[in-house]
Protein chains: 4
Amino acid sequence: MKFKEEQPIYLQIADLICENILSGRWPPGERIPSVRDAAVSMEVNPNTALRAYDYLQNLGIIYKNRGIGYFVAEDGLEKTRVLKREDFFSNILPNVIKTMKLLGIQYAEIEKYFD
Amino acid sequence: MKFKEEQPIYLQIADLICENILSGRWPPGERIPSVRDAAVSMEVNPNTALRAYDYLQNLGIIYKNRGIGYFVAEDGLEKTRVLKREDFFSNILPNVIKTMKLLGIQYAEIEKYFD
Amino acid sequence: MKFKEEQPIYLQIADLICENILSGRWPPGERIPSVRDAAVSMEVNPNTALRAYDYLQNLGIIYKNRGIGYFVAEDGLEKTRVLKREDFFSNILPNVIKTMKLLGIQYAEIEKYFD
Amino acid sequence: MKFKEEQPIYLQIADLICENILSGRWPPGERIPSVRDAAVSMEVNPNTALRAYDYLQNLGIIYKNRGIGYFVAEDGLEKTRVLKREDFFSNILPNVIKTMKLLGIQYAEIEKYFD
DNA sequence: GTGGTCTAGACCACC
DNA sequence: GTGGTCTAGACCACA
């Protein structure tokens with residue numbers, strides 16, 4: 001697996017997990033891959049994978065059962081959605097709008113990307 | 001001045017300068033605030049401000065006259081525009097689209113923000 | 001059954017058993033629930049329940065008759081009492097006192113809890 | 001520095017920091033030792049010290065200034081006090097009371113420890 | 001100098 | 001098998 005330079009790997013892993021939750025591939029209650037398996041399949045150190053899991057657990061998106069594994073929280077899908085929407089509407093979107101204004105990009109120019 | 005956690009402060013400062021250039025407040029040839037003044041007004045370490053200036057100088061957006069100060073390059077506005085557009089269309093926009101898909105946000109929901 | 005995060009589940013189970021012994025519900029010589037039953041009723045892995053029993057057996061508080069079950073040792077009540085008192089006076093109590101000092105909690109504040 | 005076996009070292013370090021805050025030695029706004037210095041003086045790996053700092057930062061008790069160090073949050077003393085009191089009154093104290101009942105320990109027996 | 005990330009690998013506790 | 005902790009040490013970004 002190839003990761004970007006600009007962001008810590010563990011955050012990118014956390015994002016991947018969120019995408020799997022949002023897309024419905026990992027529904028609430030579902031067990032997600034073990035830390036070790038995730039580390040192997042993504043070719044990172046187990047500690048790095050664990051860190052991503054830990055991060056999401058702190059957010060309440062996943063939880064662990066001792067000795068068994070990590071699971072998507074019952075409200076994990078909802079929480080992820082809320083967090084990401086919040087981020088989108090308060091950070092990403094305003095930034096995009098601001099950038100477009102500065103660059104003089106009209107909506108018509110980007111319309112075609114919305115498919 | 002308050003900076004975000006997710007990005008190095010010096011890059012955020014560089015962005016602010018770019019905004020001033022793009023908005024026309026600092027036209028090509030104009031002298032921009034000294035590193036020291038910038039550092040004081042933004043409450044950052046002078047080294048951090050210097051780093052932002054250095055970064056923009058490497059991009060050819062500003063240049064330095066020793067003993068005098070930093071100036072917007074003659075083609076600084078154009079360069080900034082090109083760089084930011086490139087970034088917008090290859091990184092920011094695709095990411096926004098992807099996020100919107102994952103979150104099920106329709107264009108209609110964000111239309112109103114385009115004013 | 002719900003267990004705390006801070007302590008291994010098997011120790012929490014062992015504690016529950018000790019409480020039953022101390023309270024007199026399970027007098028010396030009495031047969032205690034089978035590992036299997038305990039595991040089912042507490043919704044834990046049988047291995048985890050077994051570990052608790054094993055732990056208490058090593059302490060000499062319970063013993064096992066093969067094919068029959070686990071029993072409270074003749075001196076099980078006494079042993080439990082001694083162990084718990086030792087723990088109380090050398091660990092728990094000093095810690096409580098220290099915490100109270102740090103937090104500025106006076107004895108008067110907790111007096112009412114002693115009923 | 002010598003640490004107990006029963007608890008992760010990083011939590012014990014976090015506790016030590018809390019004690020310094022509660023005792024007033026490190027008032028709100030004060031810079032606390034750098035991760036490296038703490039690691040050296042406690043003879044642990046820098047990662048372990050960092051983990052303690054990170055843990056307390058998540059609780060909002062300390063915060064960091066990038067490139068400068070960690071500081072006690074303005075409301076760090078208050079937060080620590082609230083957290084510890086909460087823990088004391090909902091967990092520690094009830095447990096002590098319960099244990100005392102089971103062991104038949106009277107208040108008179110422990111009175112002398114309150115000095 | 002500060003903190004942060006990551007790896008490699010050991011060793012442990014738990015289920 | 002699961003996750004958790006810790007060390008040693010490298011390397012980086014930032015102020």
Side-chain angles (χ1 to χ4, degrees), chain A residues 3-13 31-39 42-55 57 62-71, chain B residues 3 5-13 35 39 42-52 54-55, chain C residues 3 5-13 35 39 42-52 54-55, chain D residues 3-13 31-39 42-55 57 62-71:
Chain A
F3 292 101
K4 293 177 194 151
E5 280 291 327
E6 319 102 62
Q7 218 189 359
I9 293 178
Y10 80 93
L11 287 182
Q12 296 182 52
I13 294 176
R31 178 161 180 270
I32 67 177
S34 80
V35 172
R36 278 169 169 74
D37 286 354
M42 295 177 172
E43 297 172 5
V44 297
N45 186 287
N47 279 325
T48 305
L50 175 60
R51 200 164 174 182
Y53 280 46
D54 209 47
Y55 175 76
Q57 190 190 24
I62 62 178
Y63 67 94
K64 67 174 171 246
N65 266 352
R66 290 191 278 182
I68 301 180
Y70 279 89
F71 299 76
Chain B
F3 293 99
E5 280 289 327
E6 319 99 61
Q7 217 187 0
I9 293 178
Y10 82 95
L11 286 181
Q12 296 182 53
I13 294 176
V35 172
M42 294 176 172
E43 296 172 13
V44 298
N45 188 299
N47 283 325
T48 306
L50 176 60
R51 195 162 180 179
D54 213 47
Y55 174 75
Chain C
F3 293 99
E5 280 289 327
E6 318 101 60
Q7 217 188 359
I9 293 178
Y10 81 96
L11 285 182
Q12 295 182 53
I13 294 175
V35 171
M42 293 176 172
E43 297 172 13
V44 298
N45 188 298
N47 282 324
T48 307
L50 176 59
R51 196 162 179 179
D54 213 47
Y55 174 76
Chain D
F3 292 101
K4 293 176 195 152
E5 281 291 327
E6 320 101 62
Q7 216 188 0
I9 293 178
Y10 80 94
L11 286 181
Q12 295 182 53
I13 295 176
R31 177 162 180 271
I32 68 178
S34 78
V35 173
R36 277 169 169 75
D37 286 355
M42 295 176 173
E43 297 172 4
V44 297
N45 187 287
N47 280 325
T48 305
L50 175 59
R51 200 164 175 183
Y53 280 46
D54 210 47
Y55 175 75
Q57 190 189 23
I62 63 178
Y63 68 93
K64 66 172 173 248
N65 267 352
R66 290 191 278 183
I68 301 181
Y70 280 89
F71 300 76

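Below, chain A is the first sequence line, B the second, and so on; all start at residue 1. If you're wondering where the values come from, they're calculated on a predicted model, not measured in any experiment.
A distance of 11.0 Å separates CZ in A:Arg51 from CD1 in A:Ile9, rounded to the nearest 0.5 Å.
Annotation: of the two residues near DNA chain E, D:Tyr70 and C:Thr48, the 5′-most nearest-nucleotide partner is D:Tyr70. When each of D:Ile9 and B:Gln7 is assigned the nucleotide of DNA chain F bearing its nearest heavy atom, the one mapping closer to the 5' terminus is D:Ile9.
Atoms CG (D:Asp54) and P (E:dT5) sit 8 Å apart, rounded to a whole Å. Following rounding to the nearest Å, B:Leu11 (CG) and F:dC12 (C1') show an atom-to-atom distance of 15 Å.
Residue A:Leu50 is classed as a base contact, given a heavy-atom separation below 4.0 Å to a base. Residue contacts shown for D:Asn65 are absent, as no nucleic acid heavy atom lies under 4.0 Å away. Among the heavy atoms of the strands lying under 4.0 Å from D:Asn47 is at least one base atom, whether or not backbone atoms are also near. Here A:Tyr10 lies in heavy-atom contact (under 4.0 Å) with sugar-phosphate atoms only.
For the side chain to side chain contact (heavy atoms under 4.5 Å, CB included) criterion with A:Ile62, the lone passing option out of A:Tyr53, A:Tyr55, A:Phe71 is A:Tyr53.
A donor-acceptor contact shorter than 3.5 Å links the side chain of D:Arg31 to the backbone of D:Ile68.
Nearest to the side chain of A:Pro8, among E:dC6, E:dT2, F:dG4, sits E:dC6.
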